[in-house]
Amino acid sequence: MTAPRTPAPARKVFGRLSLPERTFVADALRTETVGGVLLLLAAVMALIWANVPALRDSYESVGHYHLGPEALGLNLSVEHWAADGLLAIFFFVAGIELKRELVAGDLKDPKAAALPVVAALCGMAVPALVYMLTSVTGHGSSAGWAVPTATDIAFALAVLAVIGTSLPSALRAFLLTLAVVDDLFAILIIAIFFTDQLNFAALGGAVVGLGVFWLLLRKGVRGWYVYVPLALVIWGLMYNSGVHATIAGVAMGLMLRCTRREDEQHSPGEHIEHLVRPLSAGLAVPLFALFSAGVVVSGGALGDVISQPETLGVVLGLVVGKTIGIFGGTWLTARFTRASLSDDLEWADVFAVATLAGIGFTVSLLIGELAFAGDATLTDEVKAAVLLGSLTAAILATVLLKIRNAKYRGMVEAEERDEDASGIPDIYEQDEPEYHLRMAAIHERKAAEHRRLAEEKLAARHALAEVAGRAGEEDHRRA
């Protein structure tokens with residue numbers, strides 16, 4: 001007779017992260033949060049610059065000012081440099097994040113990867129469907145179907161930082177992983193649907209450059225003075241090929257090694273990401289926002305956003321489509337993989353995070369520019385729709401997260417509690433005998449201190465009672 005098989009334990013959705021993954025997520029989100037606050041400031045500055053009558057002309061003049069070598073096909077406007085040049089840095093970091101997730105993070109395990117991948121796919125498909133239904137019903141253009149498909153992680157985390165919500169690390173990690181997968185599919189959308197004409201000579205040169213980049217990495221060649229000039233050449237060739245230049249950034253990011261060897265504290269990918277992420281989050285993305293978010297906002301413009309099918313489709317796609325898509329994809333994945341939600345969370349928390357993912361800014365603005373490149377008026381209206389949809393999603397998410405903020409705060413405190421002062425949260429040491437020995441010693445010291453205090457108080461009470469007894473005897477003798 002064969003022994004009965006022990007059923008595998010049920011998998012928890014949004015369960016506790018491993019300590020290395022928790023540390024990585026905390027470091028990454030810390031930088032993204034700071035960058036997101038700068039992104040918010042840049043967006044506000046752009047709106048002020050574009051809407052104050054005395055400054056409006058200067059905003060357009062600076063944005064349309066051309067510079068760069070014309071002989072190389074790179075005499076671009078400042079706005080163009082921000083969208084094609086600076087965002088290549090953003091996508092380079094996104095490529096490293098994706099590579100790390102694939103080889104060392106949550107996406108390494110197919111079972112764990114299923115949740116964010118399905119949620120991201122549904123979170124892109126449903127907004128596109130909402131846009132198409134809205135646009136087709138209103139006899140509008142279908143060209144902007146991809147605009148509401150992207151989530152802006154920096155903007156979403158900036159909202160979290162501003163409202164002060166202590167979101168548990170598992171939900172934050174889900175939001176980060178979701179955005180990484182989201183960025184990957186956004187890159188594929190840009191490469192496939194927004195490439196009109198190809199210059200095969202330039203594209204071939206870019207592919208050769210990427211091959212050299214990969215070969216140098218495999219040979220262990222080091223030095224920024226080698227890779228930075230090569231990266232610029234690859235970027236320039238990719239731009240002239242007709243493929244969006246940001247593809248060069250993500251391709252180079254995916255080539256970096258993100259696994260650690262025995263003699264390494266950090267992999268090359270992690271090290272370079274640590275160096276480049278502040279440049280991306282603190283400079284590249286805010287400058288792109290500064291020259292992309294400057295749309296004229298007025299009562300009439302906001303009315304046009306609601307009345308036109310293209311812009312209404314963008315707003316509904318971000319606010320309704322993203323929420324339904326991500327929440328529905330997450331619920332269906334948990335339902336059909338027989339996974340259960342973490343005991344500390346409720347599905348209302350997942351719904352709130354899905355609403356927060358409706359904040360689409362950086363990539364949505366970029367796709368809006370590409371989708372309606374021949375219509376400047378509609379491009380600005382679509383940008384206004386992205387801003388309105390993102391603001392609406394942020395407000396709704398803030399309300400939902402605030403309702404559960406006290407619960408989150410208790411969960412975060414439990415995650416960070418370190419009573420034995422070992423530098424590692426207690427929840428990660430529960431199975432280690434050394435931890436329990438340290439805690440026993442701490443409790444013994446506390447017990448000894450409490451016994452000493454109790455004995456002192458008891459002695460004081462006895463002394464006080466003895467003094468009171470003597471005073472009573474003296475009074476009795478006098479009487």
Side-chain angles (χ1 to χ4, degrees), residues 32 34-51 55-70 72-95 146-147 150 152-155 158 183 186-187 190-191 194 228 231-232 234-240 242-250 252-253 276-296 359-374 376 379-380 382-384 386-387 390:
E32 290 286 2
V34 174
V37 173
L38 294 176
L39 180 61
L40 282 172
L41 294 175
V44 171
M45 189 181 300
L47 289 171
I48 294 173
W49 195 357
N51 284 276
L55 302 175
R56 186 177 302 160
D57 291 340
S58 65
Y59 181 77
E60 294 182 359
S61 299
V62 173
H64 295 155
Y65 180 77
H66 281 65
L67 68 159
E70 191 168 356
L72 299 178
L74 296 175
N75 185 240
L76 311 177
S77 66
V78 171
E79 185 177 344
H80 214 154
W81 276 110
D84 289 279
L86 291 178
L87 277 194
I89 301 173
F90 167 78
F91 280 108
F92 174 69
V93 174
V147 175
D152 195 306
I153 183 63
F155 217 138
D183 287 341
I187 291 162
I190 292 171
F194 296 102
V228 171
L232 292 174
I234 294 170
W235 176 86
L237 289 168
M238 190 68 76
Y239 175 82
N240 282 286
V243 178
H244 200 271
T246 53
I247 304 300
V250 73
M252 287 184 279
V276 179
R277 185 187 287 275
L279 178 63
S280 169
L283 180 67
V285 175
L287 281 178
F288 167 76
L290 182 64
F291 292 107
S292 294
V295 295
V296 177
I359 300 176
F361 192 77
T362 305
V363 181
S364 292
L365 291 176
L366 175 62
I367 294 177
E369 291 180 355
L370 297 174
F372 301 102
T379 298
D380 283 346
V382 167
K383 288 181 179 180
V386 171
L387 293 175
S390 299

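In this text, all values refer to a predicted model and were calculated from it rather than measured experimentally.
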TODO: Evaluate the ring planes of Trp235 and Trp81, with Trp represented by its six-membered ring, and classify them as parallel (under 30°), tilted (30 to 60°) or perpendicular (over 60°).
DONE: parallel
Task: Parallel, tilted or perpendicular: ring planes of His80 versus Tyr239, cut at 30 and 60 degrees - done: perpendicular
Please report the closest heavy-atom contact between [X] and [Y], naming both atoms and the distance.
| X | Y | value |
| --- | --- | --- |
| Ser292 | Leu365 | CB-CD1, 4.2 Å |
| Ser280 | Pro286 | O-CD, 4.0 Å |
| Leu47 | Ala293 | CD2-O, 3.3 Å |
| Ser58 | Leu55 | OG-O, 2.6 Å |
| Val295 | Ala50 | N-CB, 4.2 Å |
| His244 | Ala83 | CE1-O, 4.0 Å |

Open item on the list: Please determine whether side-chain contact (heavy atoms from CB on, under 4.5 Å) holds for the pair Phe361 and Val285, giving the CA-CA distance in whole Å, both sets of side-chain angles, and the decisive distance to 0.1 Å.
Closed with: CA-CA 10 Å; Phe361 192 77; Val285 175; over 6 Å; no
Would you say that [X] contacts [Y] through its side chain, given a criterion of any heavy-atom pair below 4.5 Å between the two side chains?
| X | Y | result |
| --- | --- | --- |
| Phe91 | Leu366 | yes |
| Leu39 | Thr362 | yes |
| Thr246 | Phe90 | no |
| Asn240 | Leu72 | no |

Open item on the list: If we ignore hydrogens and angles and just use 3.5 Å, is the side chain of His66 paired with the main-chain N or O of His64 as donor and acceptor?
Closed with: yes
Open item on the list: Check whether Asn75 reaches the backbone of Pro69 with its side chain - one donor and one acceptor, N or O, closer than 3.5 Å.
Closed with: no
Open item on the list: Can you tell me how far apart CE (Met45) and CG (Leu38) are? Round to the nearest 0.5 Å.
Closed with: 9.5 Å
